[in-house]
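What follows is a short report on a single structure.
Bear in mind the structure is a predicted one, so any value in this text is a computation, not a measurement.
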Protein chains: 2
Amino acid sequence: MPSSIPDIVISRLPVYLRALERLSQEGQEVTSSHELGKRLGISSAQIRKDLSHFGGFGKQGTGYRIAYLREQLRQVLNVERDWEVALVGAGDLGNAVARYRGFSNRGFHIACVFDSSTDKIGKSIAEFLIQPLDTMHTIIAERGIKIAMVAVPAESAQSVADTLIAAGVRAILNYAPINLNVPDNVHVQYIDPVIHLQRMTYYLE
Amino acid sequence: MPSSIPDIVISRLPVYLRALERLSQEGQEVTSSHELGKRLGISSAQIRKDLSHFGGFGKQGTGYRIAYLREQLRQVLNVERDWEVALVGAGDLGNAVARYRGFSNRGFHIACVFDSSTDKIGKSIAEFLIQPLDTMHTIIAERGIKIAMVAVPAESAQSVADTLIAAGVRAILNYAPINLNVPDNVHVQYIDPVIHLQRMTYYLE
DNA sequence: TGGTGATTGTGAAAGATGTGACAACTTCTA
DNA sequence: TAGAAGTTGTCACATCTTTCACAATCACCA
């Protein structure tokens, strides 16, 4: 009955996990909901309540053992395994995503890169060979890839998403500045820097 | 009394604006809360209610004139003017951000680029000269820049943010995978692709 | 001109989310 | 060993957010 846990709680767990990894790097072994909350700008009660959905990870009087809680969150979030991710689009943005070093050790690695432009097909970004869009369905279906990142122009994003979904992808990270229409069993997250900037200008001046 | 409007409402306005711009591009002149909601996966009631915080932009029986509503949202969001944005960090990520073509016409342009590495200082990305971090405070303060994007390693992000804030920046878009501690009058938005991916893996399998 | 179908803006109700407060427990110290 | 200080997990409550439902209005057409 995992569906009974609110989305909004799930959405905070990766943030907790990231903070724990950082604390761990800094050599700390134990933390408390209060310390974590102070770092993240979240109330300690909320952190305790969020975590309590998945079991009691802490110890009264002491707090949380960082290594243990980190491991538990990884399990809950399903990122103990390493997920293969397909990248679609090899323009500037796709290039940057392909070169990004931050995926490793956090549960993901890029498995293949696709583009439609004949200029780019056959060339490489970082260590990845750029493959033609026509082969995407086959490759993704065969390898059983479930996650994709879309870094194509807004105009092509919906049709790319449709193809991905038909091939079996169930989670899409969309960098294109457009909303995608997808079936209920497919998850989408959006990254559009302008949207984030516009969320702040309202408060300026 | 603009503070009485919930943050969560503000955070949806840029999404509405983006959809309106798209509809406009497609040649449409009028839309309804129902159509917009269908596109965005949001209920029509929510869209109407959100918009009603700022006045009555629509007409009963007809819907919303797209050009007009778009203009009104731009005003509300404070993106009729063009904001200067500072970019800190000229590594792979900073490079991609600097080259990103999507800022223009949506209220923003990059005004200056900073990095600490002596290798990079003096060189250019796209049309921007990379300037040394030591000059950042002066330049940002003099030009009155209020918005910055941070694309430096996690280790340096907090100190960069501190410098930015001291120089007058009031809105930070942080690409570094770390939480920033900032005063109440400073706004921060985060972009970390791994966080977004981890928000979806929970639901896979 | 009057009737039909569409759509907004909004108050009230329902539902979701966050906070406060505390018993229960742990560790530390004297 | 006993008391003090710290911390969790949780329940009840408060607050925030979304949905519902409908009067009011508009455009169109016969």
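Under a 4.0 Å N-O distance rule, the pair R106(A)/D192(B) qualifies as a salt bridge. A salt bridge links E26(A) and R39(A); the closest N-O separation between the charged side-chain nitrogens and carboxylate oxygens is under 4.0 Å. Note on E205(B) versus R81(A): salt bridge recorded, some NZ/NE/NH1/NH2 to OD/OE distance being below 4.0 Å. A salt bridge between R74(A) and E71(A) is present, with a side-chain N of the basic residue lying under 4.0 Å from a carboxylate O of the acidic one.
In this structure, the side-chain contact (heavy atoms from CB on, under 4.5 Å) partners of A166(B), at least two apart in sequence or on a different chain, are H137(B). Taking A90(B) as the reference, V113(B), D115(B), K120(B), I125(B), I130(B) meet the side-chain contact (heavy atoms from CB on, under 4.5 Å) condition, with sequence neighbours excluded. For E155(A), the salt bridge (Lys or Arg N to Asp or Glu O under 4.0 Å) criterion is met by R22(B), not counting sequence neighbours. Every residue two or more places apart in sequence or in another chain was checked for a side-chain contact (heavy atoms from CB on, under 4.5 Å) with D184(B), and none qualifies.
With contacts defined as side-chain heavy-atom distances shorter than 4.5 Å, the pair I195(A)/Y190(A) does not qualify. Using a 4.5 Å cut-off on side-chain heavy atoms (C-beta onward), K146(B) and E84(B) make no contact. Within the 4.5 Å cutoff, the side chain of P193(A) has no heavy atoms near those of the F108(B) side chain.
In this structure, W83(A) contributes its side chain and N78(A) its backbone to a donor-acceptor pair below 3.5 Å. Between the side chain of S44(A) and the backbone N or O of G37(A) there is no donor-acceptor pair closer than 3.5 Å. One N or O on the side chain of R199(B) and one on the backbone of S11(A) form a donor-acceptor pair closer than 3.5 Å. Put simply, the side chain of S52(B) gets close to the backbone of K49(B): a donor and an acceptor are under 3.5 Å apart. No donor-acceptor distance shorter than 3.5 angstrom exists from the side chain of T135(A) to the backbone of Q131(A), with no hydrogens or angles considered. Side-chain atoms of E29(A) never come within 3.5 Å of backbone atoms of R65(A) as a donor-acceptor pair (strictly under, hydrogens ignored). The backbone N or O of I178(A) sits less than 3.5 Å from a side-chain atom of N174(A), completing a donor-acceptor pair.
For the pair D50(A) CG and dT19(C) P, the computed distance is 10 Å after rounding to whole Å. In this structure, CD1 of I47(B) is placed 14 Å from C1' of dG9(C), rounded to the nearest angstrom. Between the CG atom of D7(A) and the C1' atom of dT17(D) there is a distance of 15 Å, rounded to whole Å. What separates CD1 of I8(A) from P of dC16(D) is a distance of 14 Å, to the nearest Å. Atom pair Q46(A):CD and dA21(C):C1' shows a separation of 17 Å (rounding to whole Å applied).
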Taking N or O atoms only and anything under 3.5 Å, show me the protein contacts with nucleotides 10-14 of chain D, one pair per line.
{"unit_1": "dA12(D)", "atom_1": "N6", "unit_2": "K49(A)", "atom_2": "NZ", "d": "3.3"}

Polar-atom pairs under 3.5 Å, protein N or O versus N or O of nucleotides 26-28 of chain C: list them with distances, or write none.
{"unit_1": "dT26(C)", "atom_1": "O4'", "unit_2": "Q60(A)", "atom_2": "O", "d": "2.9"}

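Evaluation of the ring pair (Phe, Tyr, Trp, His ring centres under 6.0 Å) test over residues 38-68 of chain A, restricted to residues two or more places apart or in two chains, returns none.
For the helix from dT1(C)-dA30(D) to dA30(C)-dT1(D), the angle separating the two terminal helix axes comes to 10°, with each axis derived from five pairs and the value rounded to 10°.
Among the protein residues, L51(A) comes within range of no part of the nucleic acid, since none of its heavy atoms lies under 4.0 Å from any strand.
In summary, the aromatic rings of Y203(B) and H187(A) are positioned with their centroids under 6.0 Å apart.
Checked by atom type, the side-chain pair D50(B)/Q46(B) shows no donor-acceptor distance below 3.5 Å.
Residues from residues 16-31 of chain A with heavy atoms under 4.0 angstrom of DNA chain C: there are none. Contacts with DNA chain D (heavy atom under 4.0 Å) in residues 182-189 of chain A: none are found. In the region residues 65-75 of chain A, proximity to DNA chain D at under 4.0 angstrom, judged on heavy atoms, holds for none of the residues. Within residues 32-44 of chain A, the residues that place at least one heavy atom under 4.0 Å from DNA chain D are, in residue-number order, S32(A), S33(A).
Nearest nucleotide to the side chain of P6(A), out of dT17(C), dG9(C), dT17(D): dT17(C).
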